[in-house]
Number of protein chains: 2
Amino acid sequence: MSTRRARPTIRDVATQAGVSMTTVSAVVNSKGRVDPATRERVLTAVSEVGWRPRRSARALRSGQTGVFAMCLPVGHVGVGDWLVNAEYDMALVAACAAATVDSERQLLVAPRPKDVTDLVRLDVDGVIIADPREGDQALTVLNNAGVPAVTIDRDVQRTDGWWVETDNEGSTMQVLDHLAERGARRIALVTADAPWAWFEDTSAAYERWCAGHGVKPLVRLIDVERPRATAAAGVRGLLRLKNPPDAIFAIPYGTPLGALDAIVESGRSVPGDVLLAGGMDGQLMQGSSPPITAVDLRPLEMARAAVDLLARRVNGEQAAGPVVVETALRIRASTAGRETPLTSREPATRPAGRRR
Amino acid sequence: MSTRRARPTIRDVATQAGVSMTTVSAVVNSKGRVDPATRERVLTAVSEVGWRPRRSARALRSGQTGVFAMCLPVGHVGVGDWLVNAEYDMALVAACAAATVDSERQLLVAPRPKDVTDLVRLDVDGVIIADPREGDQALTVLNNAGVPAVTIDRDVQRTDGWWVETDNEGSTMQVLDHLAERGARRIALVTADAPWAWFEDTSAAYERWCAGHGVKPLVRLIDVERPRATAAAGVRGLLRLKNPPDAIFAIPYGTPLGALDAIVESGRSVPGDVLLAGGMDGQLMQGSSPPITAVDLRPLEMARAAVDLLARRVNGEQAAGPVVVETALRIRASTAGRETPLTSREPATRPAGRRR
DNA sequence: TAGCCGTGCCGAAAGGTTTCGTCAAAGAAG
DNA sequence: CTTCTTTGACGAAACCTTTCGGCACGGCTA
């Protein structure tokens, strides 16, 4: 006749099964020795009384919360911001969540606080920071408080080994080689001048590739706030050169579309007159006409690697250097070359379907 | 000379400040009466010893974890799945996180477990379920365990008032009226036959609108697994009719692009020959050529409302009926009518910029 | 002066779980 | 028949914070 049974505790389970709390604990944690028959009794008692563990009590006792936090990059408040590749970030979040669950943990998503010192009050076992800014204060704060952290993408000012990154140099070389193989003689780079490793690495690799092939670099910088429009402007300029490029590698998300705008506007065609490749894959690349060849940055693998790395750091392991994830070039019609037929290398479609 | 100071507790703060633990607690929680001078001493002691509260101890004592969980819709494992509007989901997650933080809580993201009963072991104060499936088992499980839950979007089989939804009927009427005003005489609907309230509501509203205007409904259903391709096929069929539509309202994300494919392929133009509107806004709509008029489903507002609603439910309030969020029609070139000049009603650009 | 009240602070218990040390009983070895 | 070992189980402390009741003290009223 009780109005509303209080949530049962391990003690209720113990009395129900006729054993001590210690034994119940041993059973549910698969620790210590316990008679198979007793174990059976305890397990049925658990489901009879409907007990489920309180994470707070466990955490208090063990000193570990069993929670990782993921600090989202800033700017995630507006839909329709061209700078955001929400697919990439969503993939990151979903994959981090899946990976933490696989390691018996939970994932907290935390917007970046106005005051970075609030990060430490999250009171979690570790923090994953996506897209750290240059010399990120958040990392200093976390380090001082002794909170383990790893980043997704390298903070250009940091040298500890606790981050995961893509092989930006390798992917750049791969794209340039691919363009050359498809007949490009003069490849321009459209990128941004911002303090992110992604930009720095790709630019450096481009310079090196050009030097190695004895050609002069041809670079246009865009405004990261308005990638599509400024990329279009930059490419318009390129196409008016006496010796215009016959291929364009556009890095920041959105810029390949700007480049395409300018190319079409000039009366040229892709891939007929100009080959076009993007630095970051996504729906915009697949859905454009023609579809645009782009680098798949492998957010899923990045996320898994980050969670693994953080788990290792939490366990007290020493830094073993950054984890490098290999990228994959998704070849599409925009680089259907003049010398080689197009081979589509789209990944196999995923099993689970979904609406919308 | 201690190798590594253990994390300080409230007791360390107390001794440092020369007061009791009770007083420290009173200070950090702004409860009870404490002399201003004492308060000052305690606060400096807190920062001196670097104390930060342990959420687990608090939670154990108070019986509330201070955590909400958000259960992501399935299917979020692959980038590049056309069915997923990652922007929408990312906005949902980010906004939920922001809202929970505003209410002094934390947000857990939880992939939908294979076994729904695992949901209950999250041990959180409440759960937000995005995109519930028809007669969602997860809700039954949570209800039975007494875990408060709300959903984002209505579960067609449920009648308790604990969900937030968009005004699907209103937005459909708005779109149809807009198309008519821009000169459409015969509007076709491209949608899916799936058990989601979004589809059911819009279809019903379309039928009603048609009846009200004395025109015959013209509907094509697509396969939610391949929205773009099947939408293109459907629209191809429509355009071959003796009396083809002069406007198309395509609901599931991706289908407006399929419609556009078919229209262009048939030698017609948008908006010259056919007006085109989409049921869900996103980058794909903005970035297409021409940009496509679409319904902004307001994920940010949905998320905030969901968190508020869940907070109310956790506090024991009674259901006050579902929360309905008004949508907004984003008018673009694809419905630049023949009778009225185009008025752009794009939302103002967001302040914070971001790369990529 | 006696009684009362408000202020500022404290002691101790409680909340649910894990773990350490202990213990009884039963079997094995001498 | 001892003594030792193994097995299976238990009691109680500890983890950190909040809260309830209470206490001492100074000032006020009657």
Side-chain angles (χ1 to χ4, degrees), chain A residues 5-43 45-46 49-67 104 106 120-125 145-146, chain B residues 5-43 45-46 49-67 104 106 120-125 145-146:
Chain A
R5 292 287 303 117
R7 183 166 159 193
T9 80
I10 210 181
R11 152 170 278 123
D12 300 318
V13 178
T15 48
Q16 169 84 0
V19 298
S20 73
M21 291 163 49
T22 309
T23 304
V24 176
S25 177
V27 168
V28 299
N29 295 310
S30 309
K31 273 182 185 169
R33 327 165 151 329
V34 33
D35 188 274
T38 314
R39 153 182 311 276
E40 216 39 60
R41 246 183 318 136
V42 169
L43 288 180
V46 163
V49 308
W51 175 84
R52 53 201 160 96
R54 261 145 196 89
R55 303 192 103 90
S56 39
R58 286 230 239 252
L60 178 58
R61 184 71 242 263
S62 68
Q64 300 244 323
T65 63
V67 177
E104 310 269 73
Q106 302 184 320
V120 111
R121 320 199 71 216
L122 288 175
D123 191 30
V124 294
D125 290 345
Chain B
R5 293 288 302 118
R7 183 166 160 192
T9 80
I10 212 181
R11 152 170 279 123
D12 299 318
V13 178
T15 49
Q16 169 84 2
V19 298
S20 75
M21 289 163 51
T22 307
T23 304
V24 176
S25 177
V27 168
V28 300
N29 294 311
S30 310
K31 275 183 185 167
R33 343 190 58 78
V34 31
D35 188 274
T38 315
R39 155 182 309 276
E40 214 39 60
R41 248 185 315 138
V42 169
L43 288 179
V46 162
V49 308
W51 175 84
R52 54 200 159 98
R54 250 152 281 245
R55 303 192 102 90
S56 40
R58 287 230 240 250
L60 178 58
R61 186 71 239 270
S62 68
Q64 299 244 322
T65 63
V67 178
E104 311 267 72
Q106 302 185 321
V120 111
R121 319 199 70 216
L122 287 175
D123 190 29
V124 293
D125 290 345

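Quick note on labels: first sequence line is chain A, next is B, and so on, each numbered from 1. We use all heavy atoms of the structure for the numbers below, so side chains are in, but hydrogens, waters and symmetry mates are not.
Across every non-hydrogen atom of B:V67 and B:V124, the tightest pair is O-CB, 3.3 Å.
Contact between the side-chain N/O atoms of B:S56 and the OP1/OP2 oxygens of D:dT17 is not found at any separation under 4.0 Å. For A:S20, a side-chain nitrogen or oxygen approaches OP1 or OP2 of D:dC10 to under 4.0 Å. For D:dT17, neither phosphate oxygen OP1 nor OP2 lies less than 4.0 angstrom from any side-chain nitrogen or oxygen of B:R58. Side-chain N/O atoms of B:K31 include none lying less than 4.0 angstrom from OP1 or OP2 on D:dT18. Contact annotation: A:W51 side-chain N/O to C:dG16 OP1/OP2 distance is not under 4.0 Å.
The CD1 atom of B:I10 sits 14 Å away from the C1' atom of D:dC15 (whole-angstrom rounding). As rounded to whole Å, 10 Å separates atom C1' of D:dA9 from atom CG of A:D35. Note: CG (B:L60) to C1' (C:dT18) measures 13 Å, nearest angstrom. Between B:Q64 atom CD and D:dT19 atom P the separation is 12 Å, expressed in whole Å. Across the protein-nucleic acid pair, A:R33 atom CZ and C:dT19 atom C1' stand 16 Å apart, rounded to whole Å. One atom, CZ of B:R11, and another, P of C:dC10, lie 13 Å apart when rounded to the nearest Å. In this structure, B:M21 places its CE atom 7 Å from P of D:dT17, rounding to the nearest Å. A straight line from CZ of B:R61 to P of C:dT17 spans 16 Å, rounded to a whole angstrom.
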*Please test A:R61 against B:L60 for side-chain contact (heavy atoms from CB on, under 4.5 Å), starting from the C-alpha separation and ending with a verdict.*
CA-CA 11 Å; A:R61 184 71 242 263; B:L60 178 58; over 6 Å; no

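Distance CG/A:L43 to OG1/A:T38: 10.5 Å, rounded to 0.5 Å.
Using a 4.0 Å heavy-atom distance criterion, A:T23 is classed as a sugar-phosphate-only contact. Nucleic acid contact for B:V24: none, since no nucleic acid atom lies under 4.0 Å from a heavy atom of the residue. At the heavy-atom level, B:T38 lies under 4.0 Å from the strands shown only through sugar-phosphate atoms.
Using modelled atom types and a 3.5 Å distance limit, the side chains of A:S20 and A:T23 yield a donor-acceptor pair.
B:T22 contributes a side-chain N or O that forms a donor-acceptor pair with the base of C:dG11 under 3.5 Å.
Checking side-chain atoms of B:Q106 against main-chain N and O of A:L122 turns up a donor-acceptor pair under 3.5 Å.
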Listing, residues 50-59 of chain B side-chain donor-acceptor contacts under 3.5 Å, not counting sequence neighbours, or none:
{"residue": "B:R52", "atom": "NH1", "partner": "A:V120", "partner atom": "O", "Å": "3.2"}
{"residue": "B:R54", "atom": "NH2", "partner": "B:P8", "partner atom": "O", "Å": "2.4"}
{"residue": "B:R55", "atom": "NH1", "partner": "A:R121", "partner atom": "O", "Å": "2.8"}
{"residue": "B:R58", "atom": "NH1", "partner": "B:N29", "partner atom": "OD1", "Å": "3.4"}

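Between its two ends, the helix from C:dT1-D:dA30 to C:dG30-D:dC1 turns its axis by 50°, counting five pairs per end and rounding to 10 degrees.
Between B:R41 and B:D35 there is no salt bridge, since no side-chain N of the basic residue sits under 4.0 Å from a carboxylate O of the acidic one.
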